[in-house]
K.L.:
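Sending over a structure as structure tokens; questions will come in a sec.
Only this structure's heavy atoms are used, side chains among them; waters, hydrogens and symmetry mates stay out. We count ligands from 1, going down the list as the structure has it; atoms in each ligand are counted the same way.
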Amino acid sequence: MLMKADPNPLATPATDEGLPMSVKIRERLLAARKRFHANDNIAAFIEPGELEVLLDEVEVKMQAVLDSMVIDTASDHNTADTARRVAKMYLNEVFRGRYAKVPTITEFPNAEHLNELMIVGPITVRSACSHHFCPVIGKVWIGVMPNEHTNVIGLSKYARLAEWVMGRPQIQEEAVVQLADLIMEKTQPDGLAIVMEATHYCMAWRGVKDMESKMINSVMRGVFLKDAALRREFLALIPKRSMNGN
Ligand SMILES: [Zn+2]
């Protein structure tokens, strides 16, 4: 699906070819047949310096949203810079995990031959739902069952990987699967278990306006799938209030 060039030159910051940056990036993705859903990382398709150009483009489009909401950003000092602020917040902060490369994590061979269940958590995670772009804030627990070939990564590195995956418009069920795939790829353990418990602000701020409802889900890989005792051991080590649900 090709996008027509916008007739309003102000709405489309020009690039070398006169195309908006988003169109250029989209065309590369289409040419490579790569998916670019909200929770996909597209860093490989963005050249150095292009994110700044993309940010200018998002600012212009965000200003158009404010204009359409009939907000007088010219006289209202509170919203004068909102378009720029929101564009920066999306691209550089809350959705950075879409545009930034995977954090570099140093993996070490498992020299100690650790083969005991290791649990990391709770790791605080912040995301936003793909449906409403409302915050999703919660906690993640990660259980790793290493073997002698498993790469060892520092505890804080799990948090960095989680931050990268959650820093995209997400769907909780897909987020935990993406995180599990990433940790499996980086560390190659015998088993991996992840539990995520989060408040979805699209349920708290709008919709049913329920501040208490939390969504809990989990993903199990390798030995955690086969070994019910190991699964129980992991779940028992997570605080009680997080164990209702599955
Ligand atoms: Zn939502």
Side-chain angles (χ1 to χ4, degrees), residues 1 3 22 25-26 29 34-43 51 54-55 57-71 78-79 82-100 102 121-142 158-183 193-220 238-239 241-246:
M1 71 188 163
M3 287 197 52
S22 63
I25 297 169
R26 193 194 330 262
L29 287 154
K34 284 283 179 187
R35 207 181 77 157
F36 49 105
H37 290 185
N39 60 1
D40 288 326
N41 178 277
I42 59 167
L51 199 59
L54 195 61
L55 198 148
E57 183 185 331
V58 173
E59 178 188 350
V60 170
K61 299 277 169 73
M62 195 60 221
Q63 182 59 49
V65 171
L66 294 168
D67 293 344
S68 293
M69 290 171 77
V70 202
I71 295 172
N78 293 322
T79 54
T82 295
R84 181 87 189 156
R85 262 186 234 111
V86 173
K88 276 185 166 170
M89 178 182 76
Y90 281 165
L91 297 195
N92 295 343
E93 297 177 278
V94 298
F95 299 146
R96 194 180 151 67
R98 271 203 98 220
Y99 305 99
V102 63
I123 296 170
T124 300
V125 288
R126 297 170 188 83
S127 192
C129 73
S130 290
H131 298 146
H132 305 93
F133 278 22
C134 279
V136 173
I137 297 180
K139 293 181 170 67
V140 158
W141 289 264
I142 300 167
Y158 290 96
R160 291 193 58 206
L161 294 176
E163 187 181 25
W164 186 65
V165 166
M166 298 301 164
R168 308 168 193 171
Q170 275 290 7
I171 295 300
Q172 187 169 329
E173 299 92 315
E174 295 178 13
V176 291
V177 169
Q178 286 187 340
L179 183 59
D181 289 345
L182 183 63
I183 295 171
I194 298 180
V195 168
M196 177 168 170
E197 176 193 83
T199 299
H200 288 241
Y201 283 80
C202 57
M203 300 270 286
W205 184 26
R206 55 163 296 288
V208 294
K209 297 186 178 162
D210 182 354
M211 294 302 291
E212 299 305 314
S213 78
K214 290 196 162 134
M215 179 172 172
I216 302 173
N217 63 2
S218 66
V219 53
M220 303 280 164
I238 289 179
R241 53 185 292 272
S242 309
M243 286 180 55
N244 309 317
N246 48 41

K.L.:
Could you tell me if the ring centre of Tyr99 sits under 6.0 Å from that of Tyr90?
P.N.:
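They do not qualify: ring centres at least 6.0 Å apart.
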K.L.:
When you measure from the side chain of Arg96 to the backbone N and O of Trp164, does any donor-acceptor pair fall under 3.5 Å?
P.N.:
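Side chain of Arg96 to backbone of Trp164: no pair is present.
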K.L.:
Please confirm if an N, O or S atom belonging to Cys202, backbone or side chain, lies less than 2.8 Å from the Zn ion (ligand 1).
P.N.:
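Yes, since at least one N, O or S atom of Cys202 sits under 2.8 Å from the Zn ion (ligand 1).
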K.L.:
Sub-3.5 Å donor-acceptor pair from the side chain of Asn217 to the main-chain atoms of Glu197, do we have one?
P.N.:
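No.
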K.L.:
So does Cys134 have any N/O/S atom less than 2.8 Å away from the Zn ion (ligand 1)?
P.N.:
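It does not; every qualifying atom lies at 2.8 Å or beyond.
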K.L.:
Would you say the Zn ion (ligand 1) has Cys129 as a near neighbour, meaning an N/O/S atom of that residue under 2.8 Å away?
P.N.:
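It does; at least one qualifying atom falls short of 2.8 Å.
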K.L.:
Can you tell me if Asn39 uses its side chain to pair, donor with acceptor, with the backbone of Ala175 under 3.5 Å?
P.N.:
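No, the answer is negative, given that no donor and acceptor are paired below the 3.5 Å cut-off.
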K.L.:
Can you name the N/O/S atom of His132 that is nearest the Zn ion (ligand 1)?
P.N.:
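So the atom name we want here is ND1.
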